[in-house]
Student: 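Below are the structure tokens for one structure; questions will follow.
Please read these numbers as outputs of a predicted model, since none were measured by experiment.
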Amino acid sequence: MDIMTPDKARGLRRPVLQAAVDAGSVCATTPAAHEIFFRGDRSQSALEWEAAKDAALSMCRACPARAACEELGLRNGDGLPGVDDMVRGGHTGSELAALRTADAKRIAKAVAADTEPTWNDIVRLSNRLRRQASAMPSATRTKTLQESNDALNASVRRTAAELSELKRRRRTETGWGNAA
């Protein structure tokens with residue numbers, strides 16, 4: 001994966017940013033790495049958190065998806081002023097909050113672009129389809145494993161058809177006609 005620049009990340013929509021992070025971030029491809037990025041219930045001592053935070057920041061420095069992760073963090077509103085409980089995109093939570101404040105107008109525009117209704121429906125359905133496609137059927141008191149599998153497959157087909165129609169409609173709305 002190419003290293004994404006902050007300028008490029010700022011021009012991308014949320015799903016593209018998320019895909020870049022999912023596909024190429026160091027933390028997504030390192031088992032259990034996500035555990036060092038959040039302090040959680042604060043059961044860690046300050047010393048333990050500092051060590052975890054330093055490890056997370058070090059991992060971020062080497063990450064080709066760092067700019068995409070930072071941009072997602074800014075758009076998602078991650079981090080609070082003065083609160084040291086997370087690392088995202090190479091920044092602590094309080095650093096993200098300061099960046100968000102400094103660049104509030106640009107971020108507000110990016111969030112508004114991300115909230116276009118049809119696009120949000122496409123993202124929602126894509127996420128549902130991903131969850132459905134990775135679900136494992138299970139037998140219940142009222143369904144056999146085969147019946148559960150058939151129901152899951154039917155649900156995936158319905159969601160895929162709905163997603164396909166939404167994408168077709170959005171292409172038409174945005175001037176792409178009936179392009180596939």
Side-chain angles (χ1 to χ4, degrees), residues 1-35 37-38 60 63-79 86-89 93 96 100 103-180:
M1 173 180 187
D2 292 333
I3 295 176
M4 184 176 295
T5 66
D7 286 340
K8 183 176 180 181
R10 289 179 188 117
L12 297 174
R13 299 294 276 288
R14 184 182 308 268
V16 177
L17 292 167
Q18 188 63 59
V21 170
D22 291 345
S25 66
V26 174
C27 62
T29 58
T30 304
H34 63 279
E35 294 173 7
F37 288 86
F38 299 95
C60 286
C63 184
R66 177 182 174 182
C69 186
E70 174 188 316
E71 183 66 18
L72 278 173
L74 293 170
R75 291 186 195 185
N76 291 344
D78 290 345
M86 67 171 297
V87 170
R88 176 136 197 207
L96 277 173
R100 195 172 49 255
D103 210 3
K105 287 182 182 179
R106 183 198 61 79
I107 294 167
K109 287 180 184 177
V111 169
D114 285 340
T115 59
E116 185 248 320
T118 304
W119 183 257
N120 284 344
D121 289 342
I122 288 171
V123 171
R124 180 184 50 78
L125 280 175
S126 296
N127 289 334
R128 181 191 310 162
L129 185 59
R130 187 178 316 120
R131 283 190 308 273
Q132 288 173 333
S134 64
M136 296 298 292
S138 59
T140 65
R141 285 185 169 177
T142 58
K143 287 186 180 179
T144 65
L145 185 57
Q146 183 62 47
E147 290 169 330
S148 179
N149 191 48
D150 291 345
L152 184 59
N153 285 337
S155 178
V156 166
R157 284 191 297 275
R158 282 190 305 274
T159 302
E162 189 178 349
L163 180 59
S164 180
E165 174 56 26
L166 262 178
K167 285 180 175 180
R168 186 206 57 74
R169 188 173 73 211
R170 185 163 189 281
R171 284 191 299 269
T172 301
E173 291 170 355
T174 57
W176 287 91
N178 292 323

Student: Determine whether Glu71 and Arg106 satisfy the following criterion, salt bridge (Lys or Arg N to Asp or Glu O under 4.0 Å), listing intermediate values before the conclusion.
Tutor: CA-CA 11 Å; Glu71 183 66 18; Arg106 183 198 61 79; 2.8 Å; yes
Student: Between CZ of Arg75 and CG of Leu12, what distance do you get to the nearest 0.5 Å?
Tutor: 7.5 Å
Student: Can you give me the closest heavy-atom contact between Val21 and Ala28, atom names plus distance?
Tutor: O-CB, 3.9 Å
Student: Any chance you could measure Leu163, atom CG, to Arg168, atom CZ, to the nearest 0.5 Å?
Tutor: 12.5 Å
Student: Set out, in order, the CA-CA distance, both residues' side-chain angles and the distance that settles side-chain contact (heavy atoms from CB on, under 4.5 Å) for Leu129 and Glu162, then state yes or no.
Tutor: CA-CA 10 Å; Leu129 185 59; Glu162 189 178 349; over 6 Å; no
Student: Indicate the atoms forming the closest heavy-atom contact of Lys143 with Ala151, along with that distance.
Tutor: NZ-CB, 3.7 Å
Student: If I compare all heavy atoms of Gly79 with all of Arg100, which pair ends up nearest, and what's the gap?
Tutor: O-NH2, 2.9 Å
Student: Measure the spacing between CG of Leu74 and CZ of Arg88 and express it to the nearest 0.5 Å.
Tutor: 9.0 Å
Student: Check whether any side-chain heavy atom of Pro64 lies under 4.5 Å from a side-chain heavy atom of Val26, and answer yes or no.
Tutor: yes
Student: Does some side-chain heavy atom of Arg14 sit less than 4.5 Å from a side-chain heavy atom of Val123?
Tutor: no
Student: Using only atom types and a distance under 3.5 Å, with no angle test, would you say the side chain of Ser25 pairs donor to acceptor with the backbone of Asp22?
Tutor: no
Student: Any donor-acceptor pair under 3.5 Å linking the side-chain atoms of Asn127 with those of Arg130?
Tutor: yes
Student: Quick check: closest heavy atoms across Ala65 and Ala20, and the distance to 0.1 Å?
Tutor: CB-O, 3.8 Å
Student: Is the side chain of Ser126 donor-acceptor paired with the backbone N or O of Ile122 at a distance under 3.5 Å, no angle test?
Tutor: yes
Student: Main chain of Ala160, side chain of Ser164: is a donor-acceptor contact present, judged purely on distance under 3.5 Å?
Tutor: no
Student: For Ala9 and Ala67, which heavy atoms make the closest approach, and how far apart are they?
Tutor: CB-O, 3.6 Å
Student: Compare all side-chain heavy atoms of Ile107 with those of Arg10 and state whether any distance is below 4.5 angstrom.
Tutor: no
Student: Supply the atom-to-atom distance Leu145 CG to Met136 CE, rounded to the nearest 0.5 angstrom.
Tutor: 8.5 Å
Student: Please round to the nearest 0.5 Å and tell me the distance separating atom CD of Gln18 and atom CG of Asn76.
Tutor: 7.5 Å
Student: Give the minimum heavy-atom separation between Glu147 and Thr144, together with the two atoms involved.
Tutor: OE1-N, 2.8 Å
Student: If you round to the nearest 0.5 Å, how far is CZ of Arg131 from OG of Ser155?
Tutor: 10.5 Å
